[in-house]
Every structure is written in C-alpha cells, then in structure tokens.
Amino acid sequence: MSSDTSYTTEEIAKLLKISKLTVYDLIKKGELPSYRVGKQIRVDASALDVYKHRAQGTGASGQGAAQQAIMSPSSTIPYTPPPSIASERSLVITGHDISLDMLSKHMEKQLPGYRPLRAFVGSMDSLISMYKGESDIVSTHLLDGDTGTYNLPYIRKLLVGKPVIVVHLLARSAGFYVKEGNPKQVQTWADLSQPGLRIVNREQGSGARVLLDEQLRLHQISAQQLKGYRDEEHSHLAIAGKIASGEADVGVGIEQAASIVGGVEFVPLIQERYDLVMLKRPDNLRWIEAVVQILQSDAYQSELRSIRGYDLRESGRILLDM
C-alpha cells in the first residue's frame, strides 16, 4: 500500500468486514491510530497494515498493544500518529440528529484533550453498543407503548448493572410523512389499516421503527398487512424522499425532514423525547459534567432554536443518575 493512502471509517469497516461502531471502538482504544481532516476521521494505510499484522500474528490487542512501538510489516519506519492526536481521548457519540453535530462542535471547543467521533446509529443499536463498551454518549428516542414513556424502560433493561446518567436533550414532533395534500387522508395510527396503503419503513432498532411497531401493536394492526413494511431506509430524509417521489404513501419520521423535502406534508402524532445516555465511571465524570453544562448553556440552546420542531424547555435536565 502507498504510504500516502488513507481511509475513512466507512472504508475501514468495509475492508475489515466489521461495523463502523467497531472501527470507532478500535480508534477509541488506541488500537487503530487516526487523525482528523476537517470533519472526517481518517486512518493511514500504514496504520491499517500494522493493526492487521498485530491481529493476525501477535495476538496483542487493547491499550497495551497500542502503547507498544508500532512497526509496519513492510517497513522499518515506526508509524507515529501526530502528537495532537496521540494525546487525545476519543468519545464516540451515536445518533442521527443535527443537534448531536452541534454538540460535538461545542465539545471540541470546551473539552481540550477529547476528540468527539460521530457514529450514525439507531437508538436500539446505540444502547447495545454502549453495553459492549463501543460508545460513550448515545442518543435514544424509544417509546414504550405500555407505559407511554420514552427511553428509561429500555435503558434499565439493556444497561442493567451499568452506572449511567441520562440527560434530556430535546423533545420533537414525530408523525407521518405524506404526499402534499394528503391524498390518502392518513391522519391517525388507525388509518394505517386501510387497504392498499404503501408504507416505507425505517431500519430495525431505530426509534422511528420502534414507534411504528409499538403503535401497530397497540392498534392491533398486523405488520404483514402493510404493503412495503419491509422496505427500509436509514434516515428521515430518505423516508421523506420516497414519499415525495411517489414510491410510498406514508412513512414515519420527525417534522424537520418534512420541512426540507419538497412535496411532502407532515402529520404530527406524538411528541417524542430525545435523551442522551452516558456511562458514569470515575474517569468519565469530567467530560460528563462538561456535556451537561453545554446542554444547559444559552449558546448551545440558541443554536438549536434556529431549527424547526425542537422543544428545549427541559434540555439539560438529568432524568436518571444511577
């Protein structure tokens, strides 16, 4: 491989046939040295060669291996990450919402020595990744249909035995995307039972998918009768795009995407709570306190107020500390 070649985290995941979250975990642990180019995280080809050589031959892993002198199998020149990167601790933030990108920027300014990494993963997979130790700050918007509450029932079940702190980020309106004029007159969850309706769905584990599945269960509508139920997209914008193009009649998402995609109307149905979860360990307390202060700050909230559909009245409130 050329010494000038470098890869994005997505390309590394494809080359190693692993998930992007696992790539972030390797970066976070120091096993895969990386650096930032603008907003993008990149890994040099030489660093990838070193990681593969260690994994295949020496069996060394974790922080111990990362602290050893790293030598390329095809060269006697040691690979050394830039000093500004080598001294930083990576913090993986999962979720799709733009508020998380803004949070990442504020953290970069206010937390020297820490490097936020964004992983675009759904709510359920985010909590699972935290249980596995692959992420540091996870966002979640999972409705428990039996109690009508968001997130805490799932957090208590999936992160059992883990000391966590849960902080409210924002509330936002969720509902249906429909074609302009709402020709199918889809106004309520019960309307999903009308014959011939074509739906486009989010991927399993996403908050929008859990919301839909819970409502189908509560309204006793079989998923099997929904045409297009298995047609999945991985973002709110992609769902809205399918509606705009006429490929589907209805999809579930948040208000913000409908305001971006032309030819789509939004039917509000529920105010969902979007929360952040962080593992409360002694070595995390400094940056956790800084994150909570950012969420409560006027500077951060003033940026969020410019975005349509956000309710910030409880932003920064600690919901669970165990």
Side-chain angles (χ1 to χ4, degrees), residues 95-98 120-128 139-154 157-158 170-274 308-311:
H96 294 84
D97 199 87
I98 192 173
F120 298 94
V121 183
S123 294
M124 193 74 76
D125 287 342
S126 290
L127 290 174
I128 293 171
S139 62
T140 177
H141 56 110
L142 296 168
L143 173 68
D144 177 60
D146 292 327
T147 62
T149 60
Y150 267 90
N151 303 323
L152 294 184
Y154 293 89
K157 290 177 183 176
L158 293 175
L170 54 88
R172 60 189 190 182
S173 185
F176 292 145
Y177 301 138
V178 296
K179 194 76 172 175
E180 194 170 19
N182 197 1
K184 298 291 185 177
Q185 291 301 300
V186 185
Q187 300 286 354
T188 68
W189 297 108
D191 291 336
L192 293 177
S193 63
Q194 66 176 270
L197 195 69
R198 297 170 302 163
I199 191 169
V200 57
N201 213 346
R202 280 294 300 277
E203 78 280 8
Q204 293 187 41
S206 67
R209 176 65 168 266
V210 171
L211 173 59
L212 174 64
D213 287 344
E214 284 289 79
Q215 296 296 339
L216 293 179
R217 178 177 67 85
L218 293 172
H219 289 83
Q220 298 182 337
I221 300 173
S222 171
Q224 305 303 317
Q225 76 182 68
L226 292 181
K227 185 178 180 181
Y229 177 83
R230 300 191 183 281
D231 296 337
E232 298 179 355
E233 295 291 341
H234 285 71
S235 72
H236 297 293
L237 283 174
I239 296 289
K242 290 283 187 179
I243 305 301
S245 67
E247 297 176 64
D249 301 312
V250 63
V252 175
I254 61 173
E255 181 179 5
Q256 184 186 110
S259 66
I260 297 172
V261 179
V264 174
E265 288 185 8
F266 180 71
V267 180
L269 292 173
I270 192 169
Q271 192 78 349
E272 65 176 18
R273 298 183 64 83
Y274 199 49
R308 182 175 178 178
Y310 287 164
D311 181 346

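A quick note: this is a predicted structure, and the numbers were derived from the prediction, not measured. Positions are given from 1 along the sequence. The figures here come from the full heavy-atom set of this structure, side chains too, leaving out hydrogens, waters and symmetry mates.
One distance of note links CG of Asn201 with CD of Glu233; it measures 10.0 Å at 0.5 Å rounding. Note that CZ of Arg273 and OH of Tyr150 are 10.5 Å apart. Values are rounded to the nearest 0.5 Å. A distance of 9.5 Å separates OG in Ser173 from CD1 in Ile270, rounded to the nearest 0.5 Å. Between the CG atom of Leu158 and the OG atom of Ser126 there is a distance of 11.0 Å, given to the nearest 0.5 Å. Here the OH-CG distance, from Tyr274 to Leu142, works out to 10.5 Å after rounding to the nearest 0.5 Å.
Here Leu216 pairs with Leu192, Leu212, Asp213, Ile221, Ala223, Leu226, Tyr229 under the side chain to side chain contact (heavy atoms under 4.5 Å, CB included) rule; sequence neighbours left out. For Arg217, the salt bridge (charged side-chain N to carboxylate O under 4.0 Å, His left out) criterion is met by Asp146, Glu214, not counting sequence neighbours. Under the rule for a side-chain hydrogen bond (donor to acceptor under 3.5 Å, both in side chains), Ser123 has no partner lying at least two apart in sequence or in another chain. In this view, Asp191 and Val186, Gln187, Thr188, Gln194 satisfy the side chain to side chain contact (heavy atoms under 4.5 Å, CB included) rule, not counting sequence neighbours. Judged as a side chain to side chain contact (heavy atoms under 4.5 Å, CB included), and not counting sequence neighbours, the contacts of Gln224 are Ser222, Arg230. Checked against side chain to side chain contact (heavy atoms under 4.5 Å, CB included), Glu203 has the following partners two or more places apart in sequence or in another chain: His96, Ser206, Glu232, His234. Residues that satisfy the side-chain hydrogen bond (donor to acceptor under 3.5 Å, both in side chains) test with Thr149, not counting sequence neighbours, are Thr147. Evaluation of the salt bridge (charged side-chain N to carboxylate O under 4.0 Å, His left out) rule for Asp311 yields Arg313 as partners, not counting sequence neighbours. Applying the salt bridge (charged side-chain N to carboxylate O under 4.0 Å, His left out) criterion to Asp97, with sequence neighbours excluded, gives Arg172.
Of all non-hydrogen atoms in Gly95 and Phe120, the two that sit nearest each other are O-CD2, 3.4 Å.
For residues 247-259, the set of pairs meeting the salt bridge (Lys or Arg N to Asp or Glu O under 4.0 Å) definition, not counting sequence neighbours, comprises Arg198-Asp249, Lys242-Glu247, Glu255-Arg308.
Surrounding CD of Gln185 are more than 12 heavy atoms belonging to other residues, nucleotides or ligands, all under 6.0 Å away. Atom CD of Glu265 has more than 12 heavy atoms from other residues, nucleotides or ligands within 6.0 Å.
With contacts defined as side-chain heavy-atom distances shorter than 4.5 Å, the pair Lys184/Val250 does not qualify.
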Test side-chain contact (heavy atoms from CB on, under 4.5 Å) applied to Ile243 and Val200, step by step: CA-CA 8 Å; Ile243 305 301; Val200 57; 4.0 Å; yes

Assess whether side-chain contact (heavy atoms from CB on, under 4.5 Å) is satisfied between Arg202 and Leu211, documenting all intermediate values. CA-CA 10 Å; Arg202 280 294 300 277; Leu211 173 59; over 6 Å; no

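A donor-acceptor pair under 3.5 Å is formed between the side chain of Tyr154 and the backbone N or O of Leu143.
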Cut-off 3.5 Å, no hydrogens considered: what does the side-chain donor-acceptor table look like for residues 174-181, sequence neighbours left out?
{"from": "Tyr177", "atom 1": "OH", "to": "Ile254", "atom 2": "N", "distance (Å)": "2.9"}
{"from": "Tyr177", "atom 1": "OH", "to": "Ile254", "atom 2": "O", "distance (Å)": "2.6"}
{"from": "Lys179", "atom 1": "NZ", "to": "Ala244", "atom 2": "O", "distance (Å)": "2.4"}

